[in-house]
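In what follows, chains are A, B, ... by sequence order, proteins preceding strands, each numbered from 1. Because the structure is predicted, anything quoted here is derived from the model rather than measured.
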Protein chains: 2
Amino acid sequence: MTVPTIPPASYEELRNELAEKHEGLSKRLKQIAEYALDNPNDMALETVSGIAERASVQPSSLIRFAKAFGYSGFSEMQRVFRSYLVESGTNYKDRIRSFRNEHDQDGAPRNIVLDDFIDGGIAALKNLRDVVDPDQFEAAIKILGKADVIYLAAQRRAFPVASYLAYAFAQLDKRCVLVDGNGGMFFQQGHSIRSGDALLAISFKSYSPEVIQLVKETREKAIPVVSISDGLLSPLSQNSDVSLEVEEVEVHAFRSLSATMTLALTLVVALGRELQK
Amino acid sequence: MTVPTIPPASYEELRNELAEKHEGLSKRLKQIAEYALDNPNDMALETVSGIAERASVQPSSLIRFAKAFGYSGFSEMQRVFRSYLVESGTNYKDRIRSFRNEHDQDGAPRNIVLDDFIDGGIAALKNLRDVVDPDQFEAAIKILGKADVIYLAAQRRAFPVASYLAYAFAQLDKRCVLVDGNGGMFFQQGHSIRSGDALLAISFKSYSPEVIQLVKETREKAIPVVSISDGLLSPLSQNSDVSLEVEEVEVHAFRSLSATMTLALTLVVALGRELQK
DNA sequence: AGAAAAATGGAATAAAAATTCCGTTTCGAG
DNA sequence: CTCGAAACGGAATTTTTATTCCATTTTTCT
């Protein structure tokens, strides 16, 4: 056992190293290398003795194996296998990190802040693809399509989304009321909703109490409520007939609205088609 | 802590359980539930004390948390989080594909629409990186930073951007006036601008005549004007001291606002920094 | 406001896991 | 065939990690 090189830091590197050195390895180590390439998941998640058993090898061989590739022990090597697991997964916060690093390199005097937001926005959009539940989306369109008048409720950060929707719905000749709280008449506006209408509420944490209250009240009247919010824990999701989930990334302590805006727009287009039938 | 139910065996079940029980949980447990939903990766891979630290919680609380959901200990719950990692890693790409096909067949093109907008949004953001002129951006920040009050003017499709900016500026303690034309008083609002202030106007084709007019009038008063618009041909650009160019992609006859929103946000953050000096 | 119950923090303990160590086996050169 | 070096197996040890326990704080109910 020689060649104490610098240990591979990414799964890809490790994979290559494994394939390359494979020939020169001893019997047991070969066996392990093969097992590792075939079952990266096990390597990432199982314990040393667990893997040892499955691969028909002694635990100590696994440690030797890791050391043969330059790691200080098995645990260190396992970290590499784990990093692979999270990268390939859905989680996108990590993707952002890798994005950033990519961009940091070219030393051009770019607008760093803008780059961050662009990367964040892109990540949020990609994530949107994964988290939007098609059934919920379908259901939302159904409800909104049937509604006589769509009431739009949103405050603060979410308000621009509602105002955009109001504009777009108007373009579609879909009647809507923007409950904007103008003149302190949030509830007066909101309470004029009635059977046959639908409420589309948008709010993110920290959730606007007015919007939450309106959602609850509307639901008690047995009027359908569609919500756009951030995650299952949102009080909006919990009190809506249908809820669409969006997660915006926070960059520099500010949240973008790219993903939410895109979802809103999609809603508009899908609704437009529904109405054409 | 009661209700020893059968513990959720899949990530999906666990997710739902988490959302459902969330309300009834104690402070610390709630905190953990939120962290878990936001960071499933950590829950799957980190050690108890690692997670405890990141979530600002005691290790023992994590064990209590797991037990509150019926598991024998944290490790058992962690297995569920891990199973999710494996599934999403292995089948991730396939899942998405099959998912799309499903819907293609029953003729529901929703996902396709969403995909189009997502792709469009991403393209617009990437484009933004190239078209924004750092010098102009810098100049815009200077002007806005020096302004006593920032007047925000936008109509129709651009209005949501202005309303978002109004919200964000308020967060920065930067005084601003949203010239929204409420009550038909667009010009009354707009004309109250005076020396020492600045106007930030946003408009896209077909350009809002009111906004154009306000820009011209303001400029005649020798008050600085910053504009966000689409291209150099825009009458806004031509009458502004500084103009920022954004190009949104049109998909299905609708324009998104992702890029514009991102630019707006960047402006906010950059302005925030400027103000701190 | 005060007592009882529930929740929490944090150190102590138990359990599990990784790693080392060493006697034994295998392999290859002379 | 024999010797030496490398590889291996497996128990012993160390380290890390999970879990428990109890004193203290916070909440709830009266």
Query raised in the report: Is B:D119 salt-bridged to A:R129, cutoff N-O under 4.0 Å?
Result: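 Salt bridge present between B:D119 and A:R129.
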Query raised in the report: So does B:R15 pair up with A:E245, basic N to acidic O under 4.0 Å?
Result: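 A salt bridge links B:R15 with A:E245.
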Query raised in the report: NA contact type, A:S60, heavy-atom cut-off 4.0 Å: base, sugar-phosphate, or nothing?
Result: base
Requested in this report: Would you indicate what B:S26 reaches in the nucleic acid, counting non-hydrogen atoms under 4.0 angstrom: base, sugar-phosphate, or nothing?
Outcome: sugar-phosphate
Whole angstrom value for the distance that separates [atom2] of [N] from [atom1] of [X]:
X     : N      : atom1 : atom2 : result
A:F74 : C:dT20 : CZ    : C1'   : 16 Å
B:E53 : C:dG10 : CD    : P     : 13 Å
A:I63 : D:dA12 : CD1   : C1'   : 14 Å
A:M43 : C:dA18 : CE    : P     : 11 Å
A:L62 : C:dT20 : CG    : P     : 14 Å
B:Y71 : D:dT19 : OH    : P     : 13 Å
A:F65 : D:dC8  : CZ    : P     : 12 Å

Kindly point out which of [options] is positioned nearest to the side chain of [X]?
X     : options               : result
A:L29 : C:dT8, D:dA18, D:dC8  : D:dC8
B:Q78 : D:dA18, C:dT8, D:dT19 : D:dA18
B:S75 : C:dT8, D:dA18, C:dT19 : D:dA18
B:K27 : D:dT19, D:dA18, C:dT8 : C:dT8
A:K67 : C:dG9, C:dT20, C:dA18 : C:dT20

Query raised in the report: With no hydrogens and no angle check, is any side-chain donor or acceptor of A:R255 less than 3.5 Å from a backbone partner on A:V249?
Result: no
Requested in this report: State whether B:S49 places a side-chain N or O below 4.0 Å from either non-bridging phosphate oxygen (OP1 or OP2) of D:dT16.
Outcome: no
Requested in this report: Indicate whether OP1 or OP2 belonging to D:dG10 is found under 4.0 Å from a side-chain N or O atom of A:Q58.
Outcome: yes
**Report entry** Short side-chain donor-acceptor distance under 3.5 Å, B:T262 and A:S258
**Finding:** yes
Query raised in the report: So does B:E13 have more than 12 non-hydrogen atoms from other groups sitting under 6.0 Å from CD?
Result: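 Enclosed: over 12 neighbouring heavy atoms sit under 6.0 Å from CD of B:E13.
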